[in-house]
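Basis for what follows: all heavy atoms, side chains included, without hydrogens, waters or symmetry-related copies.
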Amino acid sequence: MSDSQPIRVRIAPSPTGDPHVGTAYMALLNLIFARQRGGRFVLRIEDTDRARFVASSEQMIFDALRWLGLEWDEGPDKGGPFGPYRQSERTPLYLEAVAKLLASRNAYRCFCTPERLEEMRKQQAAAKLPPRYNRACRGLDPAEAEQRQAAGEACTIRLAVPVEGSTTFRDELRDAITFDHNNVDDQVLLKSDGFPTYHLANVVDDHLMGISDVIRAEEWISSTPKHVLLYHAFGWQPPRFWHMPLLRNSDKSKISKRKNPVSLIYYRQAGYMPAAMVNFLGLLGGGMPQGEDAASEKFSLDEMFARFQFEQIRLGGPVFDLEKLRWLNGLYLRALAPAEFLHAVREGVFSDEYLGRIAPLVQERIETLGQFLDLTDFFFLDQVLPPDSVFLPKKRTLEETLAVAADLLTALEASAWEHAPLEAALRALAAAKQWSAKEVFMLLRALITGKTASPPLLESLEVLGRARTLDRLRRFLDHYKGAAAPPAKAKATS
RNA sequence: GGCGCCAUCGUCUAGCGGUUAGGACGUCGCCCUCUCAAGGCGAAGAUCGUGGGUUCAAAUCCCACUGGCGCUACCA
């Protein structure tokens, strides 16, 4: 990493679902870094996981980041000199890299099946050994292994981690971090489906794209030695590493959708202002002058470009405090000129687009226009929390209803957000729980509308949207958590 | 379990060897006010995780412990 190298940073989200608030946080930090040092900010899509790939996700990532005003300089949608910026379009590059690694004996073919690996892990767990690949295939004769592969036998390519010694790298915020090689696993670099894993693709792309500074979340620290080993194996200069604190739930665990809204779509639809969100993210982890040095905790992206200091970042993971976000959002809303506020209400709550989707759902069942909001209020409410007199089916206990509601959430999370799959998911759930479809539909209706009578459920779900629907279910479950649960267990054994 | 990272009010944070440990959110009270917010004022809230050092002096430096978190996949 020579000092003369131009500053280039990147974010590398994977399109596996709704755009995540953590992605926005990393985008913000990378953007600031680039702007402060005259560098370029790259957006790269890491779509190497076929199993978790969600087709609509990429566009949602673009939209969400643009909504926040976190614009990138190079990316899949706007090109740049180091494309393509979508990993699925770069497979020849990874194959080439793997060939080099194989030739230099820094990697080897592994024919162990997933089942066998699973079995091995079980045994290791039973013997209280750390779960680690036992390197069964590492001693295979390379020529022989190549033949087996050529003959069609499925295999992965693994990194041959040196048996002895250790790897030390510098984290710009923490100084030297050392990992002993016997704590580093022979990581799979190329999956049997021919796609690279994160580790390989990431290193190859960061190098090829001239990334000077890798600014990513702290969860990557433990795999950094693998990355450094790869850079060395390729004979490349590693970038600088800056590991950022992880956003947390209020119980301090890594932020997750079960305990916190994490979808940027949700925040947009729930009426948060992009500037408030960016401001809030900028407040987390330090970086901006606070306390006596700061005129206010309210600041813009431009002010962050001017005043943010990476050296000031606090390493403790900040709790994503919705209360404070809401307060900040209120500040921004109140600061709007009346005309701007009206515009925000129109666009954010009563847009033609949104009303246009809602109106058809009630036209058949309306007698006066004055009833419009009576029939559709749940589309506009921030929260819906019905009492059990509304959601509890006759002949069902609270306990089993809550259990079904929990399964409802799981089923909806896994479903595509369209009429047919949603209906199928609900009917399948009813069958599995031995509830009538009517009961399941009614329960869900109550939970998202707060009423027992509403416009058609499936259509309403589509219009309300995935993010807000799931949030309502989570809030409901959270609210009733413990209400019907068996007496708290003494303490979870771990 | 192993490895790694981290550790100041409930939460976000200031602090960089000598401070009455400061600010913000939240909470509470008062003022304003037809209500509710907003706004103003004020209060409670942190023996700086614990124990050892170093130093005239430690929240600040060092060590140990404890706790939290992360990783431990053919996910990223």
So, are A/Arg148 and A/Glu146 salt-bridged, with charged N and O less than 4.0 Å apart?
no
Is any side-chain N of the basic residue among A/Arg52 and A/Asp49 closer than 4.0 Å to the acidic one's carboxylate O?
yes
If you assign each of A/Glu219 and A/Lys128 to its closest nucleotide in RNA chain B, which residue comes earlier from the 5' end?
A/Lys128
Can you tell me the base-pairing partner of B/rG49? Count Watson-Crick or G-U wobble geometry only, both distances below 3.5 Å, and say none if there is no partner.
B/rC65
Say we look at B/rA24 and B/rC9: how far apart would their C1' atoms be, to the nearest angstrom?
12 Å
Atom pair distance, as rounded to whole Å: CZ in A/Phe320 and C1' in B/rC69
18 Å
Is any side-chain N of the basic residue among A/Lys78 and A/Glu71 closer than 4.0 Å to the acidic one's carboxylate O?
yes
Could you list by number each residue of residues 84-111 of chain A showing a heavy-atom separation from RNA chain B of less than 4.0 Å, or answer none if no residue does?
none
May I ask you to say whether A/Lys324 pairs ionically with A/Asp321, meaning some side-chain N is under 4.0 Å from a carboxylate O?
no
Could you check which nucleotide pairs with B/rU60 in any of the strands shown, counting Watson-Crick or G-U wobble with both distances under 3.5 Å?
none
Candidate nucleotides B/rA76, B/rG1, B/rA24, ranked by approach to the side chain of A/Glu297 - the nearest:
B/rA24
Distance, rounded to the nearest Å, where A/Ile221 contributes CD1 and B/rC69 contributes P:
16 Å
Checking side-chain contact (heavy atoms from CB on, under 4.5 Å) against A/Arg109, which of A/Arg158, A/Glu153, A/Gln149 comes through?
A/Gln149
How many Å lie between CD on A/Glu118 and P on B/rA73, as a whole number?
10 Å
By salt bridge (charged side-chain N to carboxylate O under 4.0 Å, His left out), A/Arg468 pairs with (sequence neighbours left out) none
So which of residues 156-192 of chain A are in contact with RNA chain B, with a heavy-atom cut-off of under 4.0 Å?
A/Thr156, A/Arg158, A/Arg174, A/Ile177, A/Thr178, A/Phe179, A/Asn183, A/Val188, A/Lys191, A/Ser192
Whole-angstrom distance between B/rA38 and B/rC25, as gauged at atom C1':
16 Å
Distances for protein N/O vs nucleotides 35-45 of chain B N/O pairs under 3.5 angstrom?
{"unit_1": "B/rA38", "atom_1": "O3'", "unit_2": "A/Arg334", "atom_2": "NH1", "d": "3.3"}

P-based separation of B/rC36 from B/rA44 [nearest Å]:
26 Å
A/Arg121 bridged to A/Glu118 by N-O distance under 4.0 Å:
yes
Please report whether the ring centroid of A/Phe280 lies less than 6.0 Å from that of A/Phe320.
yes
With a 4.0 Å cut-off on N to O distance, would you call A/Arg116 and A/Glu119 a salt bridge?
no
What's A/Gln312 touching, base or sugar-phosphate or nothing? Going by heavy atoms closer than 4.0 Å.
base
Neighbours of RNA chain B within residues 16-37 of chain A, by heavy-atom distance under 4.0 Å
none
Taking the six-membered ring for Trp and the full ring for Phe, Tyr or His, determine whether the centres of A/Tyr198 and A/Trp220 are under 6.0 Å apart.
yes
Atom NE2 of A/His227 and atom P of B/rG4: how far apart are they, to the nearest Å?
18 Å
Send over the distance from A/Lys324 NZ to B/rC12 P, rounded to a whole Å.
10 Å
Decide whether a cation-pi geometry holds between A/Arg268 and A/Tyr266; the criteria are a distance under 6.0 Å from NZ or CZ to the six-membered ring centre and an angle within 45° of the ring axis.
no
Can you tell me how far C1' in B/rG10 sits from the matching atom in B/rC48, rounded to whole Å?
16 Å
Given that both distances must come in under 3.5 Å, which nucleotide forms a Watson-Crick or G-U wobble pair with B/rG70?
B/rC3
Test of ring centre spacing under 6.0 Å for A/Phe380 and A/Phe378:
no
Can you list, by residue number, the residues of residues 242-265 of chain A that have a non-hydrogen atom closer than 4.0 angstrom to RNA chain B?
A/Leu246, A/Arg248, A/Lys252, A/Ser253, A/Lys254
Please report the distance, rounded to the nearest Å, between CD in A/Glu323 and C1' in B/rG26.
6 Å
If you measure from the C1' atom in B/rU33 to the same atom in B/rA43, how many Å do you get, rounded?
22 Å
So that I can tick it off, tell me whether A/Arg466 and A/Glu418 are bridged by a salt bridge, with the cut-off set at under 4.0 angstrom between side-chain N and carboxylate O.
no
Is A/Glu303 salt-bridged to A/Lys298, going by a charged N under 4.0 Å from an acidic O?
no
Evaluate the ring planes of A/Phe179 and A/Phe169, with Trp represented by its six-membered ring, and classify them as parallel (under 30°), tilted (30 to 60°) or perpendicular (over 60°).
parallel
Any Lys/Arg nitrogen of A/Arg8 or A/Asp213 sitting under 4.0 Å from an Asp/Glu carboxylate oxygen of the other?
no
Step by step, would you call A/Arg10 with A/Glu46 a salt bridge (Lys or Arg N to Asp or Glu O under 4.0 Å)?
CA-CA 12 Å; A/Arg10 102 282 120 126; A/Glu46 306 222 328; 5.7 Å; no
Taking only the C1' atom of each, what is the distance from B/rG17 to B/rU11 in whole angstrom?
29 Å
Looking at every strand, decide which applies to A/Arg326 at a 4.0 Å heavy-atom threshold: base, sugar-phosphate, or nothing.
nothing
Euclidean distance, atom CZ of residue A/Arg216 to atom P of B/rG70 [Å, nearest integer]:
17 Å
Can you check the distance between B/rA58 and B/rG2, where both ends of the measurement are the C1' atom (answer in whole Å)?
34 Å
Is there a Watson-Crick or G-U wobble partner for B/rA21 with both distances under 3.5 Å, and if so, which one is it?
none
Both distances below 3.5 Å, Watson-Crick or wobble geometry, any strand: find the nucleotide opposite B/rA14.
none
Using a strict cut-off of less than 4.0 Å between a Lys/Arg side-chain nitrogen and an Asp/Glu carboxylate oxygen, indicate whether A/Arg326 and A/Asp382 qualify as a salt bridge.
yes
Of the candidate nucleotides B/rC75, B/rU72, B/rU13, which contains the atom at the shortest distance from the side chain of A/Leu284?
B/rU13
Taking atom C1' of B/rA24 as reference, at what distance in whole Å does atom CE of A/Met288 sit?
14 Å
When you measure from the side chain of A/Pro131, which nucleotide among B/rA14, B/rA73, B/rC75 comes out closest?
B/rA73
Using a 4.0 Å heavy-atom cut-off across all strands, classify A/Pro114 as base, sugar-phosphate, or nothing.
base
If you measure from the Lys or Arg side-chain nitrogens to the Asp or Glu carboxylate oxygens, is any gap between A/Asp205 and A/Arg86 under 4.0 Å?
no
What's the gap between B/rU8 and B/rA59 when it is taken at their C1' atoms, as a whole Å value?
7 Å
